[in-house]
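Below is one structure, written out as structure tokens; comments come after it.
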Number of protein chains: 4
Amino acid sequence: MMEGRKKEKRMAILKAAASVFSREGYEKSRMDDIASTAGVGKGTIYQYFNGKEQLFQEMIKEGFDAFTEKLEQEIQVSGNDVKVFKKIIDFSFQFMEMNKDIAKLIIRIPVTMDYQTVEWVHIKKHQIIKLLADLVRQYGSSEVDPLVAAHGFLGMIVSLVAENVFLQKKYELDAISEKMFYIYANGILP
Amino acid sequence: MMEGRKKEKRMAILKAAASVFSREGYEKSRMDDIASTAGVGKGTIYQYFNGKEQLFQEMIKEGFDAFTEKLEQEIQVSGNDVKVFKKIIDFSFQFMEMNKDIAKLIIRIPVTMDYQTVEWVHIKKHQIIKLLADLVRQYGSSEVDPLVAAHGFLGMIVSLVAENVFLQKKYELDAISEKMFYIYANGILP
Amino acid sequence: MMEGRKKEKRMAILKAAASVFSREGYEKSRMDDIASTAGVGKGTIYQYFNGKEQLFQEMIKEGFDAFTEKLEQEIQVSGNDVKVFKKIIDFSFQFMEMNKDIAKLIIRIPVTMDYQTVEWVHIKKHQIIKLLADLVRQYGSSEVDPLVAAHGFLGMIVSLVAENVFLQKKYELDAISEKMFYIYANGILP
Amino acid sequence: MMEGRKKEKRMAILKAAASVFSREGYEKSRMDDIASTAGVGKGTIYQYFNGKEQLFQEMIKEGFDAFTEKLEQEIQVSGNDVKVFKKIIDFSFQFMEMNKDIAKLIIRIPVTMDYQTVEWVHIKKHQIIKLLADLVRQYGSSEVDPLVAAHGFLGMIVSLVAENVFLQKKYELDAISEKMFYIYANGILP
DNA sequence: AATGAATGAGCGTTCATTCAT
DNA sequence: GATGAATGAACGCTCATTCAT
């Protein structure tokens with residue numbers, strides 16, 4: 001019971017934090033603003049988090065973990081097929097579409113964020129890259145360098161997600177996804 | 001003469017700004033720090049720029065313009081050959097390697113920057129994408145969507161440049177460039 | 001019974017308050033800390049006291065009253081002899097040694113304490129001074145001003161008690177007491 | 001010139017600090033208040049002092065140093081006579097009368113003040129006590145313990161100064177001084 | 001033109017107090 | 001009665017900007 005209430009309030013604060021941080025950026029975000037967005041008093045935030053910085057970190061970590069976890073599930077349920085890359089693109093587009101706040105913040109972790117968090121994100125990102133590199137090894141030509149290919153794949157996705165997330169221009173994500181997969185699979189040469 | 005002196009001082013401030021902003025991030029950078037790095041008094045900056053925000057904008061704009069300008073030259077001097085993409089990758093790597101300060105800031109324009117600057121950067125980026133899309137139309141298969149391909153290309157470059165710029169891990173850029181070009185040209189499939 | 005329980009809890013809070021206030025000073029003491037030291041919930045304190053300030057006042061008052069009461073007893077049981085001053089010194093040293101928390105706070109009532117409490121302490125102090133002045137009148141030379149002599153006596157005691165209470169340097173209180181009494185009785189001149 | 005201006009402003013801040021700290025106590029004093037009392041902006045204080053704590057320390061130190069310095073002069077110019085104790089009492093009364101702000105603070109250094117400052121004050125106080133003990137050795141009976149006598153002397157002075165400083169009751173300091181000297185010299189016994 | 005001392009708006013955080021359970 | 005989660009007023013300090021020199 002009690003536990004449920006506390007979990008709920010914690011989630012409300014995290015959600016408000018994601019919204020405000022993503023709209024204002026870390027430095028310009030005010031704890032006041034996050035508190036009133038979450039519908040709690042300013043002091044309440046400090047019952048759940050040590051301070052602004054830890055609040056930011058927790059939010060990023062939970063968001064990124066949710067993405068990674070679901071991405072891994074997605075990969076596992078996909079059959080043994082190169083189409084897994086298409087699935088990944090689709091999933092990424094959908095996840096980021098549904099979690100724009102977190103997406104914005106993950107794509108551009110403030111350069112000034114403490115070294116620990118930056119490093120944490122870096123490690124997480126490389127876990128994803130390793131995952132992708134393994135898939136490239138499995139389905140790709142032996143001519144391609146798996147790590148470079150994985151990096152490139154992630155870069156492509158991020159570039160298009162960013163376009164969608166930051167600029168509020170709606171693309172037909174399905175069509176884009178298909179086209180991007182084609183390019184990644186076959187290259188641009190005739 | 002006088003003009004020359006002023007230009008010099010302006011450049012000194014811009015250079016100092018790039019260094020400090022890139023090291024500290026926009027919000028944590030202090031005008032004091034930029035002034036002493038530039039070797040001028042704090043008040044002097046306000047003789048050349050309206051304030052912190054405009055200083056940041058001018059710096060970004062000049063940096064990005066320099067990149068775009070030289071990129072266009074590079075494209076024009078490159079022969080009529082698909083190898084132009086390889087040249088672009090090489091050029092990007094080199095430019096970013098030599099202008100890491102600007103590179104960092106361009107890659108992660110603070111989310112908080114005013115809408116005008118974000119929009120300005122967006123327009124500039126799309127000029128580059130159009131340029132790239134034209135090249136795709138010229139040398140690529142008719143099966144690929146030129147805009148998506150251009151986006152993907154830029155994403156790949158940025159992803160690898162970011163790795164190099166932020167993490168101080170030195171890659172052998174030449175080798176990476178070659179591998180990336182192969183993937184972009186032929187895709188990952190066997 | 002109920003009454004007994006309440007009294008006990010009240011005493012526990014007062015004791016905890018004396019300990020914390022004396023260790024941290026009035027302003028730096030936190031009600032949280034006092035509550036947990038007393039082994040009660042934070043809200044419980046407010047069932048027994050109006051707030052932080054009143055808690056402090058009650059504690060001081062009870063401590064001071066205990067001192068004055070016992071001091072008066074001590075004086076009454078002492079025979080009709082100038083040695084009563086020696087007894088007073090001994091008693092003060094012993095009392096303060098056993099109630100260091102209260103001693104610290106009485107010696108240095110925070111300047112910020114509300115005027116009422118300061119005035120209350122002042123009145124109590126002057127009751128003691130009157131008591132002492134009467135003794136001076138009784139046993140001292142007619143040349144000395146009883147009030148000034150009483151003030152001086154108290155000052156001497158406080159000065160030495162403070163040294164002992166604040167600095168944790170253990171003096172041989174008996175020896176000191178003897179020496180101080182000699183000086184007060186005979187003066188420093190040969 | 002410039003130096004003069006800066007020194008003046010520094011002094012103005014120190015004076016305002018003494019006034020506010022002595023009226024409100026350390027913790028309740030607000031930097032805002034000190035600034036406006038000094039007639040400067042809040043930020044200006046931070047150009048001259050590192051923060052609230054250092055401001056308090058500097059003020060105490062300069063005040064105490066001024067007292068000690070002048071006290072030593074007073075002792076030296078006093079002839080070789082037991083009357084030096086009378087001079088010390090007079091001087092102390094006068095100094096504290098003219099520097100009530102500092103006097104209040106010296107008498108009751110907040111218990112919570114950082115250990116360094118408390119220790120610094122303690123050392124200074126013991127320098128004075130040594131000075132007094134030497135005088136007792138010089139002019140007093142061989143029967144008295146010089147250190148205890150010095151402590152007692154200081155205690156007497158402080159007790160009466162405190163009465164005067166805190167309670168704004170004006171005594172005829174000259175008369176008190178004479179009476180106190182008599183007691184200290186001859187004791188209270190007939 | 002160049003400077004840097006002065007300024008004060010702005011914000012993260014603490015903690016005494018309240019009140020629903 | 002007893003509790004402790006929630007609250008928000010309060011304050012020290014920072015730093016972009018101004019302006020007298």
Side-chain angles (χ1 to χ4, degrees), chain A residues 1-2 5-6 9-10 13 27-36 38-55, chain B residues 2 5-6 9 13 26-36 38-56, chain C residues 2 5-6 9 13 26-36 38-56, chain D residues 1-2 5-6 9-10 13 27-36 38-55:
Chain A
M1 270 316 107
M2 219 45 167
R5 289 280 177 98
K6 291 192 75 169
K9 199 157 274 191
R10 189 172 182 281
I13 293 170
E27 299 287 350
K28 282 203 178 147
S29 294
R30 292 182 296 108
M31 295 299 270
D32 258 350
D33 201 355
I34 294 171
S36 64
V40 302
K42 194 174 9 169
T44 307
I45 297 180
Y46 290 84
Q47 299 230 342
Y48 293 86
F49 303 93
N50 286 336
K52 194 182 181 185
E53 196 156 316
Q54 201 220 354
L55 172 58
Chain B
M2 218 48 167
R5 291 278 177 98
K6 292 189 66 172
K9 199 161 273 193
I13 294 171
Y26 178 77
E27 297 288 349
K28 281 199 179 157
S29 295
R30 297 186 295 107
M31 295 298 268
D32 257 355
D33 201 356
I34 294 171
S36 64
V40 302
K42 197 174 8 169
T44 308
I45 297 180
Y46 290 84
Q47 304 248 345
Y48 293 86
F49 302 94
N50 286 335
K52 193 184 182 184
E53 198 154 318
Q54 200 221 352
L55 172 58
F56 183 84
Chain C
M2 218 47 167
R5 290 280 177 98
K6 289 189 72 172
K9 201 161 273 195
I13 293 171
Y26 178 76
E27 297 290 348
K28 281 199 179 156
S29 295
R30 296 185 294 106
M31 295 298 268
D32 257 354
D33 201 356
I34 294 171
S36 64
V40 302
K42 196 172 11 167
T44 308
I45 297 180
Y46 289 84
Q47 306 249 344
Y48 293 86
F49 303 93
N50 286 336
K52 193 183 181 185
E53 198 154 315
Q54 201 221 352
L55 172 58
F56 184 84
Chain D
M1 271 315 107
M2 218 49 166
R5 289 278 177 96
K6 290 192 76 170
K9 197 155 277 191
R10 189 172 181 283
I13 294 170
E27 300 287 351
K28 281 202 180 147
S29 295
R30 293 182 294 107
M31 294 300 269
D32 257 351
D33 202 354
I34 294 171
S36 63
V40 301
K42 192 179 3 172
T44 307
I45 297 180
Y46 291 86
Q47 299 231 338
Y48 293 85
F49 303 93
N50 286 338
K52 193 182 182 186
E53 196 156 317
Q54 200 220 354
L55 173 58

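So that the names make sense, note that chain A is the first sequence line, chain B the second, and so on, each numbered from 1.
In this structure, A/Lys28 atom NZ and E/dA9 atom C1' are separated by 15 Å, rounded to whole Å. The interatomic distance linking B/Ile34 (CD1) with F/dA16 (C1') rounds to 11 Å, in whole Å. The nearest whole Å value for the distance from the CD1 atom in A/Ile13 to the P atom in E/dG12 is 15 Å. If you take CD1 of A/Ile45 and P of E/dC15, they are 18 Å apart, rounded to a whole angstrom.
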Distances under 3.5 Å between protein N/O atoms and the N/O atoms of nucleotides 17-21 of chain F, please, pair by pair.
unit_1, atom_1, unit_2, atom_2, d
F/dT17, OP2, B/Tyr46, OH, 3.0
F/dT17, OP2, B/Lys52, N, 2.9
F/dT17, O4, B/Lys42, NZ, 3.1

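Closest to the D/Tyr48 side chain, of the nucleotides E/dA6, F/dG12, F/dA2, is E/dA6.
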Its dot-bracket string being built from Watson-Crick and G-U pairs below 3.5 Å, with | for another strand and [ ] for crossing, DNA chain F has the pattern .||||||||||||||||||||
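Side-chain atoms of C/Gln47 come within donor-acceptor range of the base of F/dA2, with a qualifying N/O pair under 3.5 Å.
Applying the side-chain contact (heavy atoms from CB on, under 4.5 Å) criterion to D/Tyr46, with sequence neighbours excluded, gives D/Met31. Checked against side-chain hydrogen bond (donor to acceptor under 3.5 Å, both in side chains), B/Lys9 has no partners two or more places apart in sequence or in another chain. A/Arg30 pairs by the salt bridge (charged side-chain N to carboxylate O under 4.0 Å, His left out) definition with nothing, not counting sequence neighbours. Considering only residues two or more places apart in sequence or on other chains, B/Lys52 meets the salt bridge (charged side-chain N to carboxylate O under 4.0 Å, His left out) condition with none of them. Partners of D/Asn50 according to the side-chain contact (heavy atoms from CB on, under 4.5 Å) rule, which considers only residues two or more places apart in sequence or in another chain, are D/Gln54. Taking the side-chain contact (heavy atoms from CB on, under 4.5 Å) definition, one finds that B/Gln47 meets it with nothing, sequence neighbours left out.
D/Phe49 comes within 4.0 angstrom of no nucleic acid atom, judged by non-hydrogen atoms across all strands. Among the protein residues, B/Ser29 comes within range of the sugar-phosphate backbone only, with heavy atoms under 4.0 Å from sugar or phosphate atoms but none that close to a base.
Interatomic distance, OG1 of A/Thr44 versus CZ of A/Phe49, reported as 11.5 Å (0.5 Å rounding). The CD1 atom of A/Ile45 sits 5.5 Å away from atom CD1 of A/Ile34, with the distance rounded to the nearest 0.5 Å. To the nearest 0.5 Å, atoms CZ (A/Arg10) and CG (A/Leu55) are separated by 9.0 Å.
Contact check, B/Lys9 against E/dA2: a side-chain N or O comes under 4.0 Å of OP1 or OP2.
Place B/Val40 and C/Arg30 on DNA chain E by their nearest nucleotides, and B/Val40 ends up nearer the 5' end. Between A/Gly41 and C/Gly39, the residue whose closest nucleotide on DNA chain F is further toward the 5' end is C/Gly39.
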